[in-house]
Colleague: 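Handing you this structure, nothing more for now.
Along the sequence shown, residues are numbered consecutively beginning with 1.
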Amino acid sequence: MEVGEVAGALAAHCVAEGVEPRQVQGEDERYETFARIREQLLTHLAERFFERDRSSTEREVDEALSTVHEDCAALRRYLVVSGLLVRPRDGSSYRRGR
């Protein structure tokens, strides 16, 4: 999945949910702007689909994320890398992070 595809899928989902990413003013670098918007959108997904005190299996995470984009593995990976989802080394479960 390309970065632009992820941004488009996340943006479409958030607009459908009534959430608009804040516009970033005064940034010259497109990557920095994208990174900030991606963070906002991933935060929205974590808050929308995952409760703080509940563990989810990989299958449950993928089922939730597949409602946003078919490449749910990429979305899951972005959530884990950003710390919004955490998992043990064995990958047996996922929990809301920060």
Side-chain angles (χ1 to χ4, degrees):
M1 177 186 292
E2 296 295 320
V3 168
E5 261 186 272
V6 172
L10 292 174
H13 171 76
C14 288
V15 168
E17 293 281 321
V19 176
E20 282 191 46
R22 294 185 306 273
Q23 293 296 322
V24 179
Q25 300 292 329
E27 300 256 342
D28 291 332
E29 298 290 326
R30 283 181 52 176
Y31 179 79
E32 288 179 29
T33 300
F34 170 76
R36 288 187 182 177
I37 291 172
R38 180 179 63 191
E39 178 70 19
Q40 292 171 20
L41 297 173
L42 290 172
T43 298
H44 169 73
L45 291 179
E47 291 171 351
R48 169 83 165 83
F49 291 119
F50 308 107
E51 299 173 29
R52 283 208 182 272
D53 298 329
R54 182 180 179 278
S55 289
S56 300
T57 64
E58 185 171 306
R59 181 179 180 153
E60 291 170 327
V61 171
D62 287 352
E63 285 175 359
L65 296 176
S66 68
T67 65
V68 176
H69 194 276
E70 65 188 30
D71 193 351
C72 54
L75 293 176
R76 179 174 20 88
R77 186 169 44 254
Y78 290 137
L79 287 164
V80 169
V81 168
S82 69
L84 291 163
L85 282 183
V86 294
R87 65 180 179 177
R89 281 188 171 270
D90 67 2
S92 59
S93 64
Y94 293 81
R95 293 181 83 81
R96 259 293 286 287
R98 56 181 181 87

Colleague: Taking side-chain contact (heavy atoms from CB on, under 4.5 Å) as the criterion, tell me which of L41, D62, V68 meets it with L75.
Modeller: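 Going through the options one by one, the only one that passes is V68.
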Colleague: Side chains of V61 and F50: does their closest heavy-atom pair fall under 4.5 Å?
Modeller: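 When only atoms from C-beta onward are counted, F50 and V61 do touch, with a gap below 4.5 Å.
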Colleague: Hey, what do you get for OG (S93) to CD (E60), rounding to the nearest 0.5 Å?
Modeller: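 Between atom OG of S93 and atom CD of E60 there are 10.0 Å.
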Colleague: Find the distance between CD (Q40) and NE2 (H44) and round it off to the nearest 0.5 Å.
Modeller: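 So the CD of Q40 and the NE2 of H44 are separated by 11.5 Å.
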Colleague: Sub-3.5 Å donor-acceptor pair from the side chain of R52 to the main-chain atoms of G97, do we have one?
Modeller: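 Yes, because the side chain of R52 sits within donor-acceptor range (under 3.5 Å) of the backbone of G97.
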Colleague: Hey, could you give me the CG/CZ distance between L65 and R77, rounded to the nearest 0.5 Å?
Modeller: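 Taking CG in L65 and CZ in R77, the distance rounds to 11.5 Å.
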Colleague: CG of L79 to OG1 of T43: how many Å apart, nearest 0.5 Å?
Modeller: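 With rounding to 0.5 Å, CG (L79) is 8.5 Å from OG1 (T43).
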Colleague: How many angstroms lie between CZ in F49 and OG1 in T67, if you round to the nearest 0.5 Å?
Modeller: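 So the gap between those two atoms works out to 3.5 Å.
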Colleague: Using the salt bridge (Lys or Arg N to Asp or Glu O under 4.0 Å) rule, collect all pairs that involve residues 78-98, keeping only residues at least two apart or in two chains.
Modeller: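 Residue pairs passing salt bridge (Lys or Arg N to Asp or Glu O under 4.0 Å), neighbours aside: E39-R98.
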